[in-house]
Amino acid sequence: QVPFLESGGGSVQAGGSLRLSCTTSGSDFSGVCMGWFRQVPGKDREGVAIIWRYGDSTYYSDSVKGRFTISQDNEKNTVFLQMNALKTEDTGMYYCAAGPRTGSWDPCKGALTDDAMTSWGKGTLVTISS
């Protein structure tokens, strides 16, 4: 059973915005570093943004810093990715993912890698046109 319900993908022009949502499901879900990865055909999957579910710590790839913002609504078990100033190179399939804590005092340090994630969504497609 896929543990996430992803939504918000679509097609916009460069410079536009999209907001992705990922809602967890299942009473035994335990991923505490949760966020978004993306993949373009022919390329490796890339970690985009991660949030620590029990605090304010967030982590971003260099390619999206300053443009994307990850946030959460714990009451709704939902993580959001607000994507602004979108570029054509942001096009790809975006996957919600979660995994265990990776650091001691920095809880999700190093979590922006496939190996750190243990649960994955089915993905939502984002297409940015020029």
Side-chain angles (χ1 to χ4, degrees):
Q1 181 181 0
V2 178
F4 309 116
L5 177 62
E6 300 152 312
S7 63
S11 300
V12 297
Q13 288 189 321
S17 299
L18 284 172
R19 189 192 197 205
L20 305 183
S21 299
C22 175
T23 301
T24 63
S25 61
S27 60
D28 60 348
F29 182 70
S30 59
V32 293
C33 295
M34 185 168 169
W36 296 89
F37 288 65
R38 67 186 180 190
Q39 188 166 27
V40 177
K43 293 188 177 181
D44 292 337
R45 189 155 48 191
E46 170 193 22
V48 174
I50 291 285
I51 191 166
W52 165 241
R53 296 191 69 208
Y54 298 105
D56 298 326
S57 298
T58 56
Y59 310 79
Y60 297 94
S61 68
D62 289 342
S63 61
V64 306
K65 276 181 184 175
R67 301 188 298 121
F68 290 12
T69 303
I70 190 168
S71 61
Q72 61 188 337
D73 181 336
N74 287 334
E75 290 187 2
K76 296 181 180 179
N77 292 322
T78 300
V79 170
F80 304 98
L81 185 67
Q82 179 66 43
M83 305 187 293
N84 297 329
L86 284 161
K87 305 176 181 179
T88 55
E89 52 262 44
D90 293 319
T91 292
M93 186 67 80
Y94 282 67
Y95 298 91
C96 185
R101 182 172 186 155
T102 55
S104 52
W105 64 271
D106 198 355
C108 298
K109 183 179 180 180
L112 280 170
T113 62
D114 271 28
D115 291 346
M117 299 292 104
T118 55
S119 299
W120 293 89
K122 290 185 175 181
T124 185
L125 182 62
V126 171
T127 304
I128 312 302
S129 58
S130 58

I'd like to know whether Lys65 forms a salt bridge (Lys or Arg N to Asp or Glu O under 4.0 Å) with Asp62, so could you lay out the CA-CA distance, the side-chain angles of the two residues, the decisive distance to 0.1 Å, and finally the verdict. CA-CA 5 Å; Lys65 276 181 184 175; Asp62 289 342; 3.3 Å; yes
Kindly determine whether Thr113 and Arg45 satisfy side chain to side chain contact (heavy atoms under 4.5 Å, CB included), including the steps that lead there. CA-CA 9 Å; Thr113 62; Arg45 189 155 48 191; over 6 Å; no
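When all heavy atoms are compared, the tightest approach of Cys33 to Ala111 is CB-CB, 4.2 Å. Of all heavy-atom pairs between Ala116 and Thr102, the closest is CB-CG2, 4.2 Å. The shortest non-hydrogen separation linking Val40 to Gly92 is CG2-CA, 4.3 Å. The shortest non-hydrogen separation linking Thr91 to Ile128 is OG1-N, 2.8 Å. The two residues Gly47 and Ser61 come nearest to each other via the heavy atoms O-CB, 3.3 Å.
Not counting sequence neighbours, the partners of Gln82 by the side chain to side chain donor-acceptor pair (under 3.5 Å) test are Asn84. For Tyr95, there are no side chain to side chain donor-acceptor pair (under 3.5 Å) partners at least two apart in sequence or on another chain.
Of the possible donor and acceptor atoms, none in the side chain of Glu6 sits under 3.5 Å from a partner among the backbone N and O of Thr124. Asn74 places no side-chain N or O within donor-acceptor distance of the main-chain N or O of Asn77, the cut-off being under 3.5 Å.
The closest side-chain heavy-atom distance from Phe68 to Leu86 is below 4.5 Å. Contact of the Ile50 side chain with the Met117 side chain is registered, since non-hydrogen atoms from C-beta on lie closer than 4.5 Å. Taking the side chain as every heavy atom from C-beta outward, Thr118 and Pro100 approach each other to under 4.5 Å. Taking 4.5 Å as the limit, every side-chain heavy atom of Thr127 sits out of range of all side-chain heavy atoms of Val12. Looking only at side-chain heavy atoms (C-beta outward), Asp90 and Arg67 come within less than 4.5 Å of each other. Side-chain contact check for Arg19 versus Thr69: every heavy-atom pair is 4.5 Å or farther apart. Using a 4.5 Å heavy-atom threshold, the side chains of Met83 and Ser17 count as separate.
Counting non-hydrogen atoms of neighbouring residues, nucleotides and ligands closer than 6.0 angstrom, the CG atom of Asp56 reaches no more than 12 such neighbours. Counted within 6.0 Å of CD on Glu89, heavy atoms from surrounding residues, nucleotides or ligands total more than 12; the atom is thus considered enclosed.
One distance of note links CZ of Arg38 with NZ of Lys43; it measures 9.0 Å at 0.5 Å rounding. Taking CG of Leu81 as the reference point, atom OG of Ser71 lies at 8.5 Å (rounded to 0.5 Å). Annotation: the span from Leu5 atom CG to Cys22 atom SG amounts to 8.0 Å, rounded to 0.5 Å.
The ring-ring contact (aromatic ring centres under 6.0 Å, His included) test with Trp120 singles out one residue from Phe4, Trp36, Tyr94, Phe37, and that residue is Phe37.
Side-chain heavy atoms closer than 4.5 Å link hydrophobic residues (I, L, V, M, F, W, Y) into clusters, and following such links, possibly through other members, connects Ile70 to Met34. Under the 4.5 Å side-chain heavy-atom criterion for Ile, Leu, Val, Met, Phe, Trp and Tyr, Val126 and Phe80 are members of distinct hydrophobic clusters.
Pairs passing the ring-ring contact (aromatic ring centres under 6.0 Å, His included) check and including a residue from residues 45-64, sequence neighbours excluded, read Trp52-Tyr54.
With 3.5 Å as the limit, one finds a donor-acceptor pair spanning the side chains of Glu46 and Ser63. No side-chain donor from either of Thr78 and Ser21 sits under 3.5 Å from a side-chain acceptor of the other.
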